[in-house]
Amino acid sequence: METIGDKGWGSGCVVSEKYKFVYIHVLKSGGTSTKEFLRKSLCGIDDEDCKRVDPLILRPSGCRAAILNYTDYFTFSFVRNPFSRMYSMYSMMDGFPLEPGQRVTDTFSFHDFVMKPDERGNHTTMHAGHYDQQTDFIFSNYTCPSFDFLGRVEHYDEDMRTILKHLNATELIAYHDELGGAVRAANTWGANKKRSIGGDLRKEYNSREI
């Protein structure tokens, strides 16, 4: 099988041998927030890369290796509404301009981003893997699911709580309680731009575009 994601903290998956789980990072679907929550709860708030703890507790891993090597572990991931995910991709381009100081979204409209995918690389250095469908991350080439539990970003905290209870992950549950049962967003790509969308994202797509 093939999955997207490198072996580092950026876009890779995460393995905990202590709690016997694998987290699959679906790009642009709450992955950075999930990893930050896992790191801070198991490694401490000052150890962003978990370098000072036993790697059996928590470590990044290539997704393909993690899924194939830990088939008996509980594997979970999160997905989100494809409309909001699309806009998050679009907004993230501002963090990866071709030239320093550029705002990609000032010259490349959301309409063109959606309708002209072949032109995206002409405006940003952002890796094309961010545009891949969510199913590409969580299903094998034979359309077999790679997960035991699939949460939704739209009810993230409720689903995260379900995962933690299933794992009986006492440290993670305690940290989740400390946060008031709400995992904090690690980045806000698009949060300051949504006013320009004019409400419901689906209004940006007419019947022809869908």
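Numbers here are sequence positions counted from 1.
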Which atoms form the tightest heavy-atom contact between Asp47 and Arg52, and what is the distance?
OD2-N, 3.0 Å

Rounded to the nearest 0.5 Å, the OH atom of Tyr23 sits from the SG atom of Cys63 at a distance of 9.0 Å

Would you please name every residue forming a side chain to side chain contact (heavy atoms under 4.5 Å, CB included) with Thr71, sequence neighbours left out?
none

Taking the six-membered ring for Trp, are the ring centroids of Tyr73 and Tyr19 within less than 6.0 Å of each other?
no

Would you call Glu17 and Arg59 a salt bridge, taking side-chain N to carboxylate O under 4.0 Å as the test?
yes

Within 45° cone of Phe113 ring axis and under 6.0 Å: Arg120 NZ or CZ
yes

Give a yes or no on whether a salt bridge exists between Asp177 and Arg161, defined as a side-chain N under 4.0 angstrom from a carboxylate O.
yes

Any donor-acceptor pair under 3.5 Å from Arg80 side chain to Lys28 backbone:
yes

Ser41 side-chain N/O to Leu38 backbone N/O, donor-acceptor pair under 3.5 Å:
yes

List the steps and the verdict of side-chain contact (heavy atoms from CB on, under 4.5 Å) for Val53 and Leu42.
CA-CA 9 Å; Val53 302; Leu42 294 179; over 6 Å; no

CD1/Ile163 to CZ/Phe74 distance, rounded to the nearest 0.5 angstrom?
6.0 Å

Whether the side chain of Ser88 engages the backbone of Ser84 through a donor-acceptor N/O pair (distance < 3.5 Å, no angle test) should be reported.
no

Check the pair Met89 / Met92 against side-chain contact (heavy atoms from CB on, under 4.5 Å), numbers first and verdict last.
CA-CA 5 Å; Met89 297 175 199; Met92 189 175 177; 5.8 Å; no

For the side chain of Asp94 and the backbone of Thr105, is there at least one donor-acceptor N/O pair under 3.5 Å apart?
yes

State the CD1-CG distance between Ile138 and Leu150, to the nearest 0.5 angstrom.
4.5 Å

Before you tell me yes or no, could you show the steps for Ile45 and Tyr175 under side-chain contact (heavy atoms from CB on, under 4.5 Å), namely the whole-Å CA-CA distance, both residues' side-chain angles and the distance that decides it to 0.1 Å?
CA-CA 11 Å; Ile45 59 174; Tyr175 185 60; 4.3 Å; yes

Is the CG atom of Leu56 crowded by more than 12 outside heavy atoms at less than 6.0 Å?
yes

Do the ring planes of Phe147 and Phe139 sit parallel (below 30°), tilted (30 to 60°) or perpendicular (above 60°)?
perpendicular

Determine yes or no for a side-chain-to-main-chain donor-acceptor pair under 3.5 angstrom, with Lys35 supplying the side chain and Val14 the backbone.
no

Answer yes if Phe96 and Val104 sit in the same cluster of Ile, Leu, Val, Met, Phe, Trp and Tyr residues linked by side chain heavy atoms under 4.5 Å apart, and no otherwise.
yes

What distance separates His130 NE2 from Ser11 OG, expressed to the nearest 0.5 Å?
7.0 Å

For the student: nearest non-hydrogen atoms of Arg152 and Phe78, plus distance
N-CD2, 3.8 Å

For Phe137 versus His25, what's the shortest heavy-atom pair and its separation?
CD2-O, 3.5 Å

His176/Phe37 under side-chain contact (heavy atoms from CB on, under 4.5 Å): CA gap, chis, key distance, verdict
CA-CA 8 Å; His176 197 236; Phe37 170 75; 4.0 Å; yes

Glu154 side chain to Asn81 backbone, donor-acceptor under 3.5 Å
yes

Can you confirm whether Leu27 sits close enough to Asp132 that some side-chain heavy atom of one is under 4.5 Å from a side-chain heavy atom of the other?
no

Ser33 (side chain) donor-acceptor with Ala186 (main chain) under 3.5 angstrom:
yes

Nearest 0.5 Å please: distance from the NZ atom of Lys116 over to the CG atom of Asn122.
11.0 Å

Do Tyr156 and Thr34 have side-chain atoms, one donor and one acceptor, less than 3.5 Å apart?
yes

Residues forming a salt bridge (charged side-chain N to carboxylate O under 4.0 Å, His left out) with Asp157, sequence neighbours excluded:
none

Which heavy atom of Leu58 sits nearest to which heavy atom of Ser16, and what is that distance?
CD1-CB, 4.2 Å

I need the Asn69 CG to Arg64 CZ distance, nearest 0.5 Å.
9.5 Å

So which atom in Phe108 and which in Tyr90 form the shortest heavy-atom distance, rounded to 0.1 Å?
O-OH, 2.7 Å

Ring centroids only, cut at 6.0 angstrom: are Phe149 and His166 within range, meaning strictly under it?
no

If every non-hydrogen atom of Val153 is compared with every non-hydrogen atom of Ser29, which pair is closest and at what distance?
CG2-O, 3.5 Å

Are Met126 and Leu98 grouped together when hydrophobic residues (ILVMFWY) are joined by side-chain heavy atoms under 4.5 angstrom apart?
no

